[in-house]
Amino acid sequence: MSQHNLFAALRAAFLADLDSTAIETDGGLSYSWRDIDRATAMVANLLGSLDIPPASRIAVQVEKSVEAVVLYLATLRAGHVFLPLNTAYQSAEIDYFVTNAEPAVVVCSPANFGWMSKIAFKAGTQHVFTLGDDRTGSLLERAAHCSDQHTVVARGPDDLAAILYTSGTTGRSKGAMLSHNNLLSNARVLKTYWGWKPGDVLIHALPIFHVHGLFVALHGALLNGSKMLWMAKFDPKQAIAWMRQATVFMGVPTLYVRMLGESGLTREATAHMRLFISGSAPLLIETFKAWQERTGHTILERYGMSETAMLTSNPYAADARFGGQTERRGGTVGFPLPGVELRVLGDDGKALPVGEIGGIQVQGPNIFKGYWRMPEKTAEEFTDDGFFKTGDVGKVDERGYVTIVGRSKDLIISGGYNVYPAEIEGYINDMPGVAESAVIGVPHPDFGEVGVAVVIPKPGAKVDGDQIIAALKAQLANFKIPKRCFVVAELPRNTMGKVQKNLLREQHKSLFA
Ligand code: MLC
Ligand code: AMP
């Protein structure tokens, strides 16, 4: 039924005031809610005119723009499944996603049409459109001929709305399938929990191909009918300048670190703001405190994943479930959100008492439907009683606050992007002269954590760290490239012969200090 279509719920929030401003961009453009509604109708009608089945995958790799948001919303409106792809991904990475997902439609930047269409047609995609960040491209040219009236396509709560690819510790990336109800239930909970109210204005500073920018930030503003100040690429000076007319900001920790580097960040500049939210990576306590000292605002940290959307949050207001506590505690990710059950288990699979560290498992209406065409992987990640194993390691204290202390998955989070060492090691190990490699995460003042590669050459072979980095740059998304590559004679191993990455991390921990 159409009321289960996420778009119908978002639209209901802005239909009341179609003439007011929906989005103002850093490029000087302004869109009303009527503009957004008409544009989504036209693109939805274009999708509807194609000979593709309901719930087709629409894969999209385009630069951030308001029209890219229109395409996302139109995909929902037309009853299809949105599949966003990071613009940093290169052709080998895209080839895997498109071949795996078999989208009916691919939309790419005009400059990438050549190689992208080759990959798409090989994978059986029938339609490839282009969309530039300056309102150019075949998608809008074709949509311009379509009606601006469109009835939202009916969807059930468990029908898919989006597929988000997330890398894995081993093997290839997995497509996390998120339903309309996964996303809508989470958006509704956050609307209440973060106190969204009339007059709120969001500074949208994040990319729109991952959970944080696409769902948490965008749905928050849409569901509240709130204006967005739209930044194509994060610029700390612009963000600070906008704070005089905004109320809500969401960012990964790197954005906060970069704003703290600006002298314009003051109490006065942030006086109009209501709420600063951080997530996607651990917020250092130094950043949390420095922000408090400079602005008088306490950042609210929350925790989530592609597979689950948001799971926990520090309180915005008194949380009656936890004795009315209101404190936003640095270093913690707060309480499980209403509707989310969270437990911490030991290695023996038994629930741990308060304060003890173990694997975090979660359940709730926001938890995804499984990995696209990977039933075995899906089964592995769920317990018999239906909890999802996050791969994060943490604890819950006596007051109910959750702290993430580490990860059981071998994962580096760099500037809010996930980098799986196994993927990078695979590429390095395939290079001539390389016997073995280990990629580790080390602390970095800007990105929080960055990758460093340690490589052993084959006997007699000569390999060069800089050349390895250059070769990786030609194949992989830029944020995955290790910032340094060392060539060494051997790697530290335990008695089982397994590489001891903890020792490597310790050895290189001050590299960027
Ligand atoms: C860019 N570079 C990075 C990087 N981003 N290196 C490591 N980690 C990153 N995240 C490198 C580039 O390769 C380049 O290197 C150099 O830095 C400058 O590139 P840039 O493009 O100019 O960087 P910039 O635009 O400043 O990007 C930095 C950033 C961006 C922090 C603004 O990474 C970003 O927007 N991060 C947000 C990610 C995000 O939205 N995550 C949410 C995931 S959802 P060189 O060598 O080529 O010069 C999720 C769930 C949840 O996790 O809970 O929210
Ligand atoms: P992704 O695969 O991009 O969805 O990344 C999800 C992962 O990001 C989680 O499993 C956590 O490891 C990490 N993460 C998200 N938010 C936080 C946070 N506030 N603190 C620490 N880690 C976080």
Side-chain angles (χ1 to χ4, degrees), residues 63-64 84 86-88 90 164-169 173-174 176 178 186 190 204-218 231-236 239 250-259 277-285 287-288 299-314 330-334 359-360 362 366 368 381 388-394 402-420 441 444 446-452 466 469-470 472-474 476-484 512:
E63 296 299 331
K64 183 176 176 183
N86 192 319
T87 46
Q90 302 211 35
L164 262 57
Y165 274 86
T166 91
S167 307
T169 312
S173 293
K174 302 163 286 187
L178 293 151
N186 206 236
L190 295 178
H204 196 297
L206 289 162
I208 50 169
F209 32 67
H210 292 301
V211 166
H212 202 160
L214 184 64
F215 300 150
V216 189
L218 191 64
M231 226 179 267
K233 186 176 185 314
F234 175 66
D235 171 4
M250 296 188 197
V252 299
T254 300
L255 305 198
Y256 287 97
V257 170
R258 290 189 182 182
M259 288 190 287
I277 300 173
S278 175
S280 307
L283 180 72
L284 293 181
I285 194 76
T287 311
F288 175 85
I299 297 174
L300 178 154
E301 185 169 5
R302 72 7 170 227
Y303 154 65
M305 296 180 72
S306 302
E307 287 93 334
T308 65
M310 295 304 99
L311 292 165
T312 74
S313 171
N314 272 279
T332 83
V333 293
I360 296 178
V362 288
N366 49 320
F368 73 135
E381 302 303 331
F388 173 63
K389 304 171 191 167
T390 63
D392 291 308
V393 174
V402 178
T403 304
I404 312 288
V405 301
R407 304 165 200 135
S408 60
K409 49 195 176 190
D410 190 12
L411 162 71
I412 300 165
I413 303 185
S414 185
Y417 286 138
N418 289 2
V419 181
Y420 279 86
H444 189 273
D446 184 31
F447 293 120
E449 201 178 13
V450 293
V452 167
D466 290 342
I469 290 193
L472 286 173
K473 279 190 176 171
L476 285 169
N478 58 12
F479 62 88
K480 295 182 189 171
I481 310 300
K483 300 286 182 216
R484 296 285 294 275
F512 301 99

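Just follow the structure's listing: the first ligand is 1, and inside any ligand the first atom is 1. What you are looking at is a predicted structure, and each value in this text was computed from that prediction instead of being measured.
Every residue was checked against the salt bridge (Lys or Arg N to Asp or Glu O under 4.0 Å) condition with E381, not counting sequence neighbours, and none meets it. Judged as a salt bridge (Lys or Arg N to Asp or Glu O under 4.0 Å), and not counting sequence neighbours, the contacts of D446 are R258. H210 is linked by a ring-ring contact (aromatic ring centres under 6.0 Å, His included) to Y417, counting only residues two or more places apart in sequence or in another chain.
Protein heavy atoms are absent from the 4.0 Å sphere centred on atom 18 (C) of ligand 1. Taking a distance limit of 4.0 Å, we find that atom 4 (C) of ligand 1 is approached by some protein heavy atom. Put simply, atom 48 (O) of ligand 1 has no protein non-hydrogen atoms near it, under 4.0 Å away.
The nearest heavy-atom contact from the protein to atom 11 (C) of ligand 1 is K483 NZ, 3.6 Å. What sits closest to atom 13 (O) of ligand 1 on the protein, heavy atoms only, is N478 CB, 3.0 Å. For atom 10 (N) of ligand 1, the nearest non-hydrogen atom of the protein is S414 O, 2.7 Å. Regarding atom 29 (C) of ligand 1, its nearest protein heavy-atom neighbour is R258 NH1, 4.4 Å. Nearest to atom 41 (N) of ligand 1 among the protein's heavy atoms is G416 O, 2.9 Å. The nearest protein atom to atom 31 (C) of ligand 1, hydrogens excluded, is given as T254 CG2, 3.7 Å; this is a heavy-atom distance. The shortest contact between atom 32 (C) of ligand 1 and any protein heavy atom is with L255 CD2, 3.9 Å.
Atoms of ligand 1 found under 4.0 Å from any heavy atom of G304, numbered from 1 in the order shown, are 53 (O).
Minimum heavy-atom separation, V419 to F479: CG2-O, 3.7 Å. The minimum heavy-atom distance between D392 and R407, with the atom names listed, is OD1-CG, 3.6 Å. Considering every non-hydrogen atom in both L283 and S278, the closest pair reads CD1-OG, 3.8 Å.
The shortest N or O to N or O distance between V450 and ligand 1 is not under 3.5 Å. On a distance-only criterion, H210 and ligand 1 share no N/O pair closer than 3.5 Å. An N or O contact shorter than 3.5 Å links G415 to ligand 1 by distance.
A distance-only check finds a donor-acceptor pair linking the side chain of N314 to the backbone of T332 [under 3.5 Å]. K64 places a side-chain N or O within donor-acceptor distance of the main-chain N or O of M231, the cut-off being under 3.5 Å. Side-chain atoms of E307 do not come within 3.5 Å of backbone N or O of K389 as any donor-acceptor pair.
Residue-ligand proximity: P207 is placed with a non-hydrogen atom under 4.0 Å from ligand 1.
The heavy atom nearest to atom 54 (O) of ligand 1, considering only P253, S280, A281, G213, is found in S280. Comparing heavy-atom distances from atom 34 (C) of ligand 1 across F447, F234, Y303, Y417 singles out Y417 as nearest. Comparing heavy-atom distances from atom 20 (P) of ligand 1 across K473, K64, R302, K233 singles out K233 as nearest.
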### Working for side-chain contact (heavy atoms from CB on, under 4.5 Å), residues Y303 and V362
CA-CA 12 Å; Y303 154 65; V362 288; 5.6 Å; no
### Task
Dump the intermediate steps for ring pair (Phe, Tyr, Trp, His ring centres under 6.0 Å) on F368 and F388, then the final yes or no.
CA-CA 9 Å; F368 73 135; F388 173 63; 5.1 Å; yes
### Task
Check the pair V211 / M310 against side-chain contact (heavy atoms from CB on, under 4.5 Å), numbers first and verdict last.
CA-CA 9 Å; V211 166; M310 295 304 99; 3.7 Å; yes
### Query
Stepwise, does the side-chain contact (heavy atoms from CB on, under 4.5 Å) test hold for L255 with L206?
CA-CA 9 Å; L255 305 198; L206 289 162; 3.9 Å; yes
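For the atom pair OG1 (T166) and CE (M305), the distance works out to 7.0 Å, reported to the nearest 0.5 Å. Here the NZ atom belonging to K480 is positioned 10.5 Å from the CG atom belonging to N418, to the nearest 0.5 angstrom.
Protein residues having a heavy atom under 4.0 Å from any atom of ligand 2 are S280, A281, P282, E301, R302, Y303, G304, M305, S306, V333, D392, R407, K409, I413, N418, listed by chain and number.
Heavy atoms of L206 found under 4.0 angstrom from ligand 1 belong exclusively to the side chain.
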